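Heads up, the thing below is written out as structure tokens.
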Amino acid sequence: MHNYLSELNKVQRQAVENINGPSLVVAGAGSGKTRVLTYKIAHLLNNDVPANSILALTFTNKAAAEMKERVAKITGYDNSKRIWMGTFHSIFARILRVEADKLGYPSNFTIYDAEDTKSTIRAIVKDFNLDKDIYKPNAVYGRISSAKNNLITPKYYAESKDLLDQDRYSKKPEIHRIYKEYAKRCYASGVMDFDDLLLKINVLFRDFKDVLEKYQNIFKYILVDEYQDTNYSQYRIIKELSSKHKNICVVGDDAQSIYSFRGALIENILNYQKDFPSCKVFKLEQNYRSTQNIVNAANSIIEKNKDRIKKNVFSENEEGDKVNIIKAMSDNEEGFLVSNSIADIKRTNNYKYNDFAILYRTNNQSRVFEETFRKRNIPYRIFGGLSFYQRKEVKDVLAYLKVIVNSKDAESIKRIINYPARGIGKTTVDKLSKLSLNNDIPIWEILKRIEQTGTVFNAGTRKKLAGFKNVISELMDFSQNNDAYTLITKVISETEILKRLKSDNTPENINRVENINELINAVSEFVENKNEETEDLSEKTIQKYMEEVSLLTSMDTESDEENDKVTLMTIHSSKGLEYKNVYVVGVEQNLFPNNQATFDPKNLEEERRLFYVALTRAEKHVSVSYSLSRFKYGKIESTTPSQFVNEIDPQFTNNPLEDNFSSVGSSDSTGESYFSSSNKFIKRKTLKPLQKISAENFEPSNPEQVEVGMSVLHLRFGEGEVVAIEGEYPQSKATVIFDNAGKKQLLLKFAKLKIVEKD
DNA sequence: GTATTATCTAAGTCT
DNA sequence: TAGATAATAC
């Protein structure tokens, strides 16, 4: 038997061996948190706790799968597969399917993603004749979502003076009505959104004490990972579930709480000890992941925050390289300098590409790096962004499947009723919606009885609607006796979706065809896997497939190819991961910290924690890069370095001299062609007379024309006089005395000087 | 009712 | 810039 206890340090071991009662494991970054969790589960199993009485809640499905794997290695597969392990959302969706009837939902309820939710909100705003520019779907959704995460029902919302005042103050007084209508429509459609999966479980436990008791008895041991990122709704669930046996172990790090925007309460972890009396606390403080310099630099950042559990994270690894600060003039140059650095470090240390990760604050920052990497033949892969299941064509096909599973799903019906085009236009769809809402009848029921609608629709339209209805009906029948794969191929052939896309061979359509084929593949794989497990057709239905798929995250869908590629992802999705070399890019004020966070201290602290998370992903080497200009809305905007750059204690950084950014990687042969294209990039922007120096209207002169005695302008140093030039272009160096910045030596090729006056 | 073109406006992180 | 929506022509 695997002697797992010997692989733990003292505190880790104490945490693992503490089986009963509430406990809190405060796990600093890189302190072996996953190891503790897995070994603790193994330890429970070894102490005769039945696998199916353990509930382990993780943050992503991927984390759950990995943990299952690791537990299986210690205790065997049969045991591990019976553990209730998964995300809050997937575990409780599973339970809700069993208990749905008690809440008046069908057990085959569909799950709306953010886009479905927003389009429902859009429809309601329109039906209520409200101004869509004021009631923006995102803002309304955020409001509704946070209400749900705090267990505020529409009724309570409408009675809450505070909430109504807040809405009045933000000029959106009708939100409570939208919320109510939204909840009504979801219910009528047999639909839950992400927040409902947690909210409805709370309702279930509140209203059906026997059900609560049933699950209290099932889940005798509860473990929660990433506890710092749970919201009130999640907190209430685990509080209720654990209140009988009180065997609840939560693991987390307050310094890594980064999801308050979706309702996470850092207070959950800060107050845990008060909340669960007689709770034991274990602090894991030794970081095994990173070098001392990285840990120290990260600590110097997080110290600026006020709300913290005291702990002393330290590393006994080598001291390591200092944090490398990279400064670029443009976002393109940032991509270039970072790829230079990757090439450099890779060569000198014999690393592989998958030892490198680029972490950014916002998804759209990936673009520049994609371009640069493509240009320079650096293999990469991107996590996140538009996930596979959010692509239009994939959603279209999925909408068919959703309707087949749950005919009440109005949003999905509207999506496919005229896709592919079958002559059912906007007016008809609007009429159907009105009819459905006014009479409390699902659209599908209207379609079934279309001949009874009299003159609402003209004969031609009725015929088209009946045609649509027949297609779906037939598919519904077909789905009864066929597995998911057979069904999806049938759907696609019946509707001629692929056929139509192929008939018009635009590059976009080719891509769409590929994606649909990929979807078919995924379904086929799903069925194949099930075939190995069981003969039971009911396990291979499209419904089962949809259940698995609707809660996948972008992290889960990316296959873990063994390919040697640089990873690109947001800092949020990098949580829990580690890389030898990490580049935190775009560390600029108003981007990171994000502009809405700059003035809100709470928000700013969260951004700082995010920066902390980013730095602590690295094992060996961290670079922090920023640019002085960046494309935004199709224009170049000048930007300034983030306050976070200065907040890193300088003894742990490699602070570059003001002007040496240009020397990085200058030996690289691709450098020159790159910079010439970069210059073009800046030149093509509109140029106004120089009033103030900004990246937007700054156009450098041809460096070869710069001569001694000239007055020149530099984007950062301002105006100065060229006093000397050494060497031949492109190696030539100019010495310039700037009025405000003093004497600087600049490599002319890179310096971007504008000639103001020729002596 | 549908296809094409013109105009607008937005990007913060995710289950 | 690019995707979404509105306006226009067919």
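Per chain, numbering begins at 1; letters A, B, ... match sequence-line order. None of the values given here were measured: they were computed from a predicted structure.
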Residue Y141(A), side-chain heavy atoms: nucleotide from dT15(B), dA6(C), dG12(B) that is nearest: dT15(B)
Is any side-chain N or O of T428(A) closer than 4.0 Å to OP1 or OP2 of dG1(B)? yes
Less than 4.0 angstrom between a side-chain N/O of N363(A) and OP1 or OP2 of dT13(B), yes or no? yes
Pair Q228(A), Q256(A): side-chain N/O donor-acceptor within cut-off below 3.5 Å: no
If you assign each of S90(A) and N595(A) to its closest nucleotide in DNA chain B, which residue comes earlier from the 5' end? N595(A)
Considering only side-chain heavy atoms of R367(A), which listed nucleotide, dT1(C), dT15(B), dC14(B), is closest? dT1(C)
Is the distance from the ring center of F611(A) to that of F592(A) below 6.0 Å? yes
Under 4.0 Å between a side-chain N or O of T570(A) and OP1 or OP2 of dC14(B)? yes
Is the ring centre of Y360(A) less than 6.0 Å from the ring centre of Y583(A)? no
For a quick check, tell me whether the side chain of Q365(A) and the base of dG12(B) share a donor-acceptor pair closer than 3.5 Å. no
Is it the case that the base of dT13(B) and the side chain of R361(A) share a donor-acceptor contact (distance under 3.5 Å, atom types as modelled)? yes
Identify which nucleotide among dA11(B), dG12(B), dC14(B) has an atom closest to any side-chain atom of N594(A), counting heavy atoms from C-beta outward. dG12(B)
Have a look at E334(A) and tell me which of S627(A), S625(A), S629(A) forms a side chain to side chain donor-acceptor pair (under 3.5 Å) with it. S625(A)
Ring centroids of Y259(A) and dT13(B) base under 5.5 Å with planes under 30°: no
Test log, rule side chain to side chain contact (heavy atoms under 4.5 Å, CB included), inputs R122(A) and Y135(A): CA-CA 8 Å; R122(A) 223 172 270 128; Y135(A) 291 90; over 6 Å; no
For N418(A), which contact category applies under a 4.0 Å heavy-atom criterion: base, sugar-phosphate, or nothing? sugar-phosphate
Using a cut-off of 4.0 Å on non-hydrogen atoms, how would the nucleic acid contact of E607(A) be classed: base, sugar-phosphate, or nothing? base
Across the strands shown, which category fits K132(A) at heavy-atom distances under 4.0 angstrom: base, sugar-phosphate, nothing? sugar-phosphate
Do the side-chain N or O atoms of T427(A) get closer than 4.0 angstrom to the phosphate oxygens (OP1, OP2) of dG1(B)? yes
Return the value, rounded to whole Å, for the distance between atom CD of Q390(A) and atom P of dA4(C). 13 Å
In whole angstrom, give the distance that lies between atom CD of E371(A) and atom P of dT1(C). 12 Å
Measure from the side-chain N and O atoms of H572(A) to the backbone N and O of I258(A), and report whether any donor-acceptor pair falls under 3.5 Å. yes
What contact category does K392(A) fall into here, base, sugar-phosphate, or nothing, at under 4.0 angstrom with non-hydrogen atoms? nothing
Less than 3.5 Å apart, any donor N or O on the side chain of T120(A) or T117(A) sitting next to an acceptor on the other? no
When you compare dT13(B) with dA4(C), how far apart are their C1' atoms, in angstrom units rounded to a whole number? 23 Å
Should R415(A) and D116(A) count as an ion pair when the cut-off is N to O under 4.0 Å? no
Of all the base pairs, Watson-Crick or G-U under 3.5 Å, which form stems of three or more consecutive pairs involving DNA chain B? B:1-10 with C:1-10
Would you classify I571(A) as touching base, sugar-phosphate or nothing, given that sugar-phosphate means primed atoms plus P, OP1 and OP2, and contacts are heavy atoms under 4.0 Å? nothing
Between dA11(B), dT5(C), dT15(B), which one does the side chain of Y633(A) approach most closely? dA11(B)
